[in-house]
There are 2 protein chains.
Amino acid sequence: MLRSSPYAAERLRAAGLRLTRPRLALAGLLFSNGDRHVTAEQLFDEAVKTKILVSLATVYNVLHQFTEAGLLREVIVEPERSYFDTHVEPHHHFFCEANGILQDISGEDVTIKGLPAPPPGTEIDSVEVIVRVRASRA
Amino acid sequence: MLRSSPYAAERLRAAGLRLTRPRLALAGLLFSNGDRHVTAEQLFDEAVKTKILVSLATVYNVLHQFTEAGLLREVIVEPERSYFDTHVEPHHHFFCEANGILQDISGEDVTIKGLPAPPPGTEIDSVEVIVRVRASRA
DNA sequence: GTGTTTGCAAAGTGTTTGCAATTTA
DNA sequence: TAAATTGCAAACACTTTGCAAACAC
């Protein structure tokens, strides 16, 4: 039983992942509507609402499989929850703790100057800017 | 029973915190040796080694009390652990996941250009750069 | 003395895992 | 059919909490 957007199937195949019902369904939710930032729980709830039968454990598994396959990127902004971002190119984020909303900042527009060399014996893996915001009391 | 470095006592008093044995002992560990980045578990282990009797729960409580009092700053770089930084001024970090080591990057040397305005209705709380590094295969 | 803080153990939260049953290719 | 994946429930790691006893001021 393999039915979903052909686009999702495409991406999974390209990433070398088998086309299973949960993967196709979740890929459909994730990749059909522009850039998204979701937690496992959010995606699970969405799946349930959309009448997709998946277990929460599978949502976690799939999120990690997608991340390893380069289809997602994990964003760490809260100690108690992981966010997954469908935008995998280097870029930055606004994060509002009050409502848990992450928002992309294009990586190309931002320049960072004055970074020292990484500690001896290490090399830079990624550079990420997190701009924490709060509701303005205006 | 209140014995510890007078410096620690000083800071606690200034922050409006009662001078309790656990607080004084942990403040001694935290603030006597320049800037530090610790997890609750690390600080607890250190306390145990130093023959300081504190429960892990109290270490958590104290870390949060110190954070609220402005003596520490929480740094979020891993989903499964919180780090606490004795350096509370705005600054940035190198982080090596392989060994869990955080290292300060002075905030003054770094300039970030091209950040867009924060989302409508919000204002910037903090801007933090996290440079993830890995052991170089040199 | 009064209100705060501690420590313990239990509860909580988000996440991972073991394994039999199912499904993909 | 062989190998991979799923779902469930149990296990996990880290953190928080409830509450009686201990302590600071």
Side-chain angles (χ1 to χ4, degrees), chain A residues 1-4 8-27 37-48 51-69 71-72 74-84 97 100 102, chain B residues 1-4 8-27 37-45 47-48 51-69 71-72 74-84 97 100:
Chain A
M1 195 252 263
L2 302 179
R3 216 135 48 63
S4 188
E10 205 52 45
R11 294 198 67 156
L12 294 192
R13 224 187 290 275
L17 295 170
R18 283 191 175 193
L19 307 184
T20 69
R21 178 177 50 74
R23 285 183 188 156
L24 283 166
L26 296 177
H37 301 88
V38 297
T39 65
E41 200 78 38
Q42 284 169 5
L43 187 59
F44 175 69
D45 289 350
E46 221 175 289
V48 169
K51 300 277 190 295
I52 293 168
L53 298 182
V54 226
S55 70
L56 181 55
T58 296
V59 170
Y60 276 103
N61 288 336
V62 168
L63 285 172
H64 286 135
Q65 291 154 358
F66 284 10
T67 302
E68 273 165 44
L71 301 176
L72 292 177
E74 192 174 356
V75 182
I76 302 168
V77 285
E78 287 194 313
E80 56 273 311
R81 225 175 318 283
S82 273
Y83 286 81
F84 293 86
E97 332 206 12
L102 264 178
Chain B
M1 194 254 266
L2 304 178
R3 215 137 45 62
S4 188
E10 204 51 43
R11 293 198 68 156
L12 295 192
R13 222 187 292 273
L17 295 169
R18 282 192 175 193
L19 307 184
T20 69
R21 178 177 50 73
R23 286 183 187 157
L24 283 167
L26 296 177
H37 301 87
V38 297
T39 64
E41 199 78 39
Q42 284 169 6
L43 187 59
F44 175 68
D45 289 350
V48 169
K51 301 277 190 295
I52 294 168
L53 299 182
V54 227
S55 71
L56 181 56
T58 297
V59 171
Y60 276 103
N61 289 336
V62 168
L63 285 172
H64 287 136
Q65 291 154 358
F66 284 10
T67 301
E68 272 165 44
L71 301 176
L72 292 177
E74 192 174 355
V75 181
I76 301 168
V77 284
E78 289 194 312
E80 57 272 313
R81 227 176 314 285
S82 273
Y83 286 81
F84 292 86
E97 334 206 11

Taken to the nearest whole Å, CG/L12(A) to P/dA4(D) is 17 Å
Closest of dT6(C), dT6(D), dG7(D) to the V54(A) side chain is dG7(D)
Nearest heavy-atom contact between L26(B) and A47(B) is CD2-CB, 4.2 Å
L63(B) CG to dT6(C) C1', in whole Å, measures 15 Å
Double-helix bend of the helix from dG12(C)-dC14(D) to dA25(C)-dT1(D), axes at both ends from 5 pairs, round to 10°, gives 30°
Nearest-nucleotide check on DNA chain C, P22(B) vs P79(B); residue mapping nearer the 5' end is P22(B)
Between OH of Y60(B) and C1' of dA9(C) the distance, given in whole Å, is 15 Å
Between CG of L26(A) and P of dG7(D) the distance, given in whole Å, is 9 Å
Reckon S82(B) has a side-chain N or O less than 4.0 Å from the OP1 or OP2 of dC14(D)?
-> no
On DNA chain D, more 5' by nearest nucleotide between V62(A) and T39(B) is V62(A)
Note: A9(B) and L24(B) closest approach over all heavy atoms is CA-CD2, 3.7 Å
Between V59(A) and the options L43(A), V48(A), T39(A), the side-chain contact (heavy atoms from CB on, under 4.5 Å) test singles out L43(A)
Correct closest heavy-atom pair for F44(A) and S55(A) would be CE1-C, 3.8 Å
Nearest heavy-atom contact between R18(B) and L12(B) is O-CD1, 4.5 Å
Protein-nucleic acid N or O pairs under 3.5 Å, nucleotides 9-13 of chain D:
none

DNA chain D nearest-nucleotide lookup for L56(B) and L17(B): closer to the 5′ end is L56(B)
Here the distance between atom P of dG7(D) and atom CD1 of I52(A), to the nearest Å, is 11 Å
Pair S82(A), E74(A) - check side chain to side chain donor-acceptor pair (under 3.5 Å), show working. CA-CA 7 Å; S82(A) 273; E74(A) 192 174 356; 2.6 Å; yes
In whole angstroms, the gap separating C1' of dA4(D) from CG of N61(A) amounts to 12 Å
Shortest non-hydrogen pair, L102(A) vs H37(A), comes out as O-ND1, 3.6 Å
- Walk me through it: do V62(B) and V54(B) pass the test side-chain contact (heavy atoms from CB on, under 4.5 Å)? CA-CA 10 Å; V62(B) 168; V54(B) 227; over 6 Å; no
Tightest non-hydrogen contact, residues Q42(A) and V38(A), listed as OE1-CA, 3.3 Å
Rounded to whole Å, CD of Q65(A) lies from C1' of dT15(C) at a distance of 15 Å
### Query
Can you find an N or O donor on one side and an acceptor on the other, under 3.5 Å apart, linking the side chain of R18(A) with the base of dT24(C)?
yes
Side-chain atoms of A40(B) come closest, of dT15(D), dG7(C), dG7(D), to dT15(D)
I76(A) CD1 to dC14(D) P, in whole Å, measures 15 Å
Side-chain contact check for H64(A): nearest option of dT16(C), dT6(D), dT16(D) is dT16(C)
E41(A) meets the salt bridge (charged side-chain N to carboxylate O under 4.0 Å, His left out) criterion, sequence neighbours left out, with none
Looking only at dA25(C), dG7(C), dT15(C), the nucleotide nearest the S55(B) side chain is dG7(C)
Looking only at dC25(D), dT5(C), dG7(D), the nucleotide nearest the T58(A) side chain is dG7(D)
